[in-house]
Protein chains: 2
Amino acid sequence: MRAKDGAKRAPTESDVAKLAGVSQSAVSRAFTPGASVAESTRDKILKAARELGYHPNMMARTLATNRSNIVALAISYLENPFYAQVVRELSEKLRETGRHILLFATSPDGKADPALEDVLSYKVDALILTATTASHELAVQCQATGVPIVQINRESKLPGISTVRGPNELASSEIAEFLFAGQHKRYAFIGGTVESGTSKVRENAFVGRLRELGVEDVLVAHGDYTFEGAATVTRRLLTLDQPPDAIFCASDYMAFATLDVAKREFNLKVPDDLSVIGFDNVPAASRFAWDLTTYSQPAGALVDAAIDIIDSMIARPGRRAQRREVSGELILRGSAKRPKNRS
Amino acid sequence: MRAKDGAKRAPTESDVAKLAGVSQSAVSRAFTPGASVAESTRDKILKAARELGYHPNMMARTLATNRSNIVALAISYLENPFYAQVVRELSEKLRETGRHILLFATSPDGKADPALEDVLSYKVDALILTATTASHELAVQCQATGVPIVQINRESKLPGISTVRGPNELASSEIAEFLFAGQHKRYAFIGGTVESGTSKVRENAFVGRLRELGVEDVLVAHGDYTFEGAATVTRRLLTLDQPPDAIFCASDYMAFATLDVAKREFNLKVPDDLSVIGFDNVPAASRFAWDLTTYSQPAGALVDAAIDIIDSMIARPGRRAQRREVSGELILRGSAKRPKNRS
DNA sequence: TCGATTATTGCATACGTATGCAAAAAGTCC
DNA sequence: GGACTTTTTGCATACGTATGCAATAATCGA
């Protein structure tokens, strides 16, 4: 347990205290905002600390205060640029309050649960689940320990878990109307995974609205939120006897795959032969190569809401779960036919 | 410091010990691989632990052992899919050995240093720097504390810091040869930031090889590793009196911007009017929309090497810095003219 | 200048786990 | 069965910081 090898032990509060000629508690207080320390001694302490290159030991601090300033983030689809954006936003905004992200990135296929149990070991201040395959049981388990949990873009039947989501129903039904107004003949929906609640919600709203408009059978397929998965189901859809000429994909990322397959492998003209609409409005969607019509879902707003919920749950632990929805809008670009009577 | 509010205190080893009728040390040993515990008592303890829902407290464990099982990762360009891939790979591979990532994602413009000082507070087992604007001074400072540091894809004059890199020189000179063989008239290089060592190395190798081949003046611009930055300099290059007809971008991500601007804003035919070559071979490069000729730099191999170095530095703290290079290859696609005499 | 109030400081202990050491228990060998 | 080796266990303490409490120093009011 003694200092090892060459690496000299990092200086502690006691070291600083000795140098500054005060007690260890005084040093602790000097680094605790709002603690009772004389200005003069604080200066003395800070000077000594600087001299020694002292940095507080967060692990020890966490042990004593039970607050780690760490937020765990579970995420499966990092290759989807939308979630890369979410991570980025989250990281920057948490840093503003001195917090950091403990990342649990998992491949879409692997189950995330085992690793997530570790979360509890790190005494994280909160847990954010997004685009993850983690089970609901796990969420319940974490919640039982009192750790605030927020799901971003995840539907859940669990009443106790806070959720931040995009405008799933509104967007999907607007997209249904837009495509319908574009006089398409056959509609398809490419969802994420079969288990995904968010995907199901979008599917229901899309199919439901079309049905209201008189369209009875809408093709439904699942691209598992991956590029390859979406490419595969697109191939299948486009080789049907009656292939769709309007496809709504549950994410931009999958829509890119659909566009790619349609253009490259089926030589389809977009949007003349096929209209494709995505969801998220990731930066790449606006690029010429894709020029994807989509529905925006601002990552920044989702993240703001999530952090807000976390903060309120930390402030008032008893607080019941909250659900928030951020709004977006249909972004018109070139991948979907525009109705004649609309601009 | 007592248990707060409603949230019941998490069970500790002492709680488990009491229930199992053993000492706290016994419980600790039951959870320490290789420790001396009788099979029977271990079973008894694990049973009690399960019953209580006990999870070891990593913060306390870290305090006692000085190993956190946390690896800090500083990264600025998360929106670049190549680095998203790096993060993903890193996360999965570290998890195999029970480690996790503490993420420091920073926007390319903001300086990362202040946040990075926090790294030291968390007693991370290692620090990985990649695609970050963190200063060299900072790296030195971290290194002084004895934390193993590995840079991925970052050139550094500092002798003490380990580095894992792609085949910068070889790739750049091969690309120079390939473009030269394609009978281009005017060559340009779009690098990352001016400060980036990696970018400079690629520039030198590219420009140097071309010079050897008799091409004297090569245009050099900087896209700052961002999409918008690359788009801007591409615009500038293409409006020159003698615009380039061959551009080598220091990353696929920037190459996408170049392609976008060239096709959309300048109506250029690729590769007839303009050849574009990237670097990284991210998944999107192979997609029809881009079809980018590029040089592969396998994220998985970079990550493997980085972890390997970290492990060896942890095992032998005195070990001197290592430098590794992973290899890649030129990936021929449609964005660059192919020489007549080559397949 | 003195008593009362307030601000500052140090002492002692807690947070949860790991581990050296010695005691106890269990095997081993003849 | 006894002496000896090996395994298992508990005790005590360490890791670095935070904080309640009491002691001390500083400040204030008249």
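So you know, we letter chains A, B, ... as the sequences are listed, proteins then strands, and number each from 1.
- Rounded to whole Å, the distance from CZ on B:F31 to C1' on C:dT17 is 12 Å.
- When the P atom of C:dT17 is taken as reference, atom OH of A:Y122 falls 14 Å away, rounded to whole Å.
- Residues forming a side chain to side chain donor-acceptor pair (under 3.5 Å) with A:Y83 (at least two apart in sequence, or on another chain): none.
- One can place NZ of B:K44 at 11 Å from C1' of D:dT9, the figure rounded to the nearest angstrom.
- Rounded to a whole Å, the CG atom of B:N66 is 12 Å from the C1' atom of D:dA14.
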Between protein and nucleic acid, restricted to nucleotides 7-11 of chain C and to nitrogen or oxygen atoms under 3.5 Å apart, what atom pairs and distances do you find?
from   : atom 1 : to    : atom 2 : distance (Å)
C:dT9  : OP1    : A:T41 : OG1    : 3.1
C:dT9  : OP2    : A:A38 : N      : 2.9
C:dT9  : OP2    : A:T41 : OG1    : 3.0
C:dG10 : OP2    : A:S23 : N      : 2.9
C:dG10 : OP2    : A:S23 : OG     : 2.9
C:dG10 : N7     : A:R29 : NH2    : 2.8
C:dG10 : O6     : A:R29 : NH2    : 2.8
C:dC11 : N4     : A:S25 : OG     : 3.1

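- In terms of the side chain to side chain contact (heavy atoms under 4.5 Å, CB included) criterion, residue partners of A:E195 (sequence neighbours excluded) are, by chain and number, A:T193.
- No hydrogens or angles considered: a donor-acceptor pair under 3.5 Å links the side chains of A:Q322 and A:S312.
- Taking atom CZ of A:R67 as the reference point, atom P of C:dA14 lies 24 Å away to the nearest angstrom.
- Spacing between atom CG of B:L63 and atom C1' of D:dC15 amounts to 4 Å, rounded to whole angstrom units.
- Using a 4.0 Å cut-off on heavy atoms, the residues of residues 52-60 of chain A that approach DNA chain D are A:Y54, A:P56, A:N57, A:A60, listed by number.
- With sequence neighbours excluded, the residues forming a side chain to side chain contact (heavy atoms under 4.5 Å, CB included) with A:A26 are A:V22, A:S23, A:I45, listed by chain and number.
- Judged as a side chain to side chain contact (heavy atoms under 4.5 Å, CB included), and not counting sequence neighbours, the contacts of B:D304 are B:K93.
- The phosphate of C:dA18 has OP1 or OP2 within less than 4.0 Å of a side-chain N or O from B:S28.
- For B:Y122, the ring pair (Phe, Tyr, Trp, His ring centres under 6.0 Å) partners are A:H100, not counting sequence neighbours.
- Every residue two or more places apart in sequence or in another chain that forms a side chain to side chain donor-acceptor pair (under 3.5 Å) with B:S196 is listed here: B:Y225.
- Considering only the side chain of A:E13, D:dT17 comes nearest among D:dT17, D:dC15, D:dG16.
- Within the 4.5 Å cutoff, no side-chain heavy atoms of A:L63 are placed close to those of A:M59.
- The separation between B:I45 atom CD1 and C:dT17 atom C1' is 14 Å, rounded to whole Å.
- Applying the salt bridge (Lys or Arg N to Asp or Glu O under 4.0 Å) test to residues at least two apart or on different chains, the pairs with a partner in residues 308-317 of chain A are A:R99-A:D311, A:D308-A:R324.
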